[in-house]
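Computed over heavy atoms, backbone and side chain alike; hydrogens, waters and symmetry mates excluded. Throughout, numbering of the chain's residues begins at 1 and tracks the sequence.
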Amino acid sequence: MQNWENKTILITEDTPMNYKLIEIILRRTKAKLLWAKNGQEAVDICRENEDIDAVLMDLQLPVLDGYEATTQIKSIRPSLPVITQTAFTFNNERAKSIQAGADAFLTKPIDAVKLIQVLQGFIE
């Protein structure tokens, strides 16, 4: 079992139920979770908080979409892992995410085991 009590993960998700699901999956890791409800909020939080170890980024977001938010976060903190997630699984979504600077790409519904494995590769 992962013990990430000294890690901080920013979850960027505009849908409360989706956030809650990720929160439940990550609860047992003991990581500190932050919640951004839109892309601009995610960029601002990453700019202000040096302690973030990874970002989970939904792509379909209000104010600033996940692609643009990822690009801006990577321009501020190039080494911060950004993992994009979307229910839209068209082939170009993955390529567009990587082009925006994402380090990994997950599809929704989120697979708990896969989410933990991907995060583990970046924050341990």
Original post:
So which heavy atom on I52 is nearest to which on R77, and how close?
Top reply: O-NH2, 3.0 Å
Original post:
Should F122 and I73 be counted in the same cluster of Ile, Leu, Val, Met, Phe, Trp and Tyr side chains packed under 4.5 Å apart?
Top reply: no
Subject >> Minimal non-hydrogen separation, Y67 against L59, with atom names >> reply: OH-CD1, 3.6 Å
Original post:
Would you say K108 and T15 make side-chain contact, with heavy atoms under 4.5 Å?
Top reply: no
**OP:** Please tell me if the side chains of I22 and L33 come closer than 4.5 Å, counting only heavy atoms from C-beta onward.
**Re:** no
**OP:** State which residue, out of T84, I110, L115, fulfils the side chain to side chain contact (heavy atoms under 4.5 Å, CB included) condition with L56.
**Re:** L115
**OP:** Answer yes or no: is there a donor N or O on one side and an acceptor on the other, between the side chain of E41 and the main chain of K37, under 3.5 Å?
**Re:** yes
Original post:
Looking at side-chain heavy atoms only, is the closest gap between I45 and V55 below 4.5 Å?
Top reply: no
Original post:
With a 4.5 Å limit on heavy-atom distance, are the side chains of K30 and Q2 in contact?
Top reply: no
Original post:
In terms of hydrophobic clusters joined by side-chain contacts under 4.5 Å, are L10 and I25 together?
Top reply: no
Subject >> Side-chain donor or acceptor of N38 paired with backbone N/O of L61 under 3.5 Å >> reply: no
Original post:
Which atom names give the shortest non-hydrogen contact between I116 and W4, and what distance separates them?
Top reply: O-CH2, 3.9 Å
Original post:
Is D53 reaching over with its side chain to a backbone N or O of T8, donor-acceptor style, under 3.5 angstrom?
Top reply: yes
Original post:
Sub-3.5 Å donor-acceptor pair from the side chain of T12 to the main-chain atoms of D58, do we have one?
Top reply: no
Original post:
Is there a path from V82 to L34 through hydrophobic residues (I, L, V, M, F, W, Y) whose side chains come within less than 4.5 Å of each other?
Top reply: yes
**OP:** Examine L106 and I9 and state if one hydrophobic cluster contains both, with Ile, Leu, Val, Met, Phe, Trp and Tyr joined whenever side-chain heavy atoms are less than 4.5 Å apart.
**Re:** yes
**OP:** With salt bridge (charged side-chain N to carboxylate O under 4.0 Å, His left out) as the test, would you mind laying out the steps for K96 and E93 before giving the verdict?
**Re:** CA-CA 5 Å; K96 214 171 150 186; E93 298 294 326; 5.8 Å; no
Original post:
Under 3.5 Å, is there a donor-acceptor pair between the side chain of K74 and the main chain of L80?
Top reply: yes
Original post:
Looking only at heavy atoms, which two atoms of A54 and I123 are closest? And how far apart?
Top reply: CB-CG2, 3.7 Å
Subject >> Check: L119 and K7 side chains under 4.5 Å, non-hydrogen atoms >> reply: no
Original post:
Are L64 and Q72 close enough that some pair of their side-chain heavy atoms sits under 4.5 Å apart?
Top reply: yes
**OP:** Check the surroundings of atom CD in Q99: do more than 12 heavy atoms from other residues, nucleotides or ligands lie under 6.0 Å from it?
**Re:** no
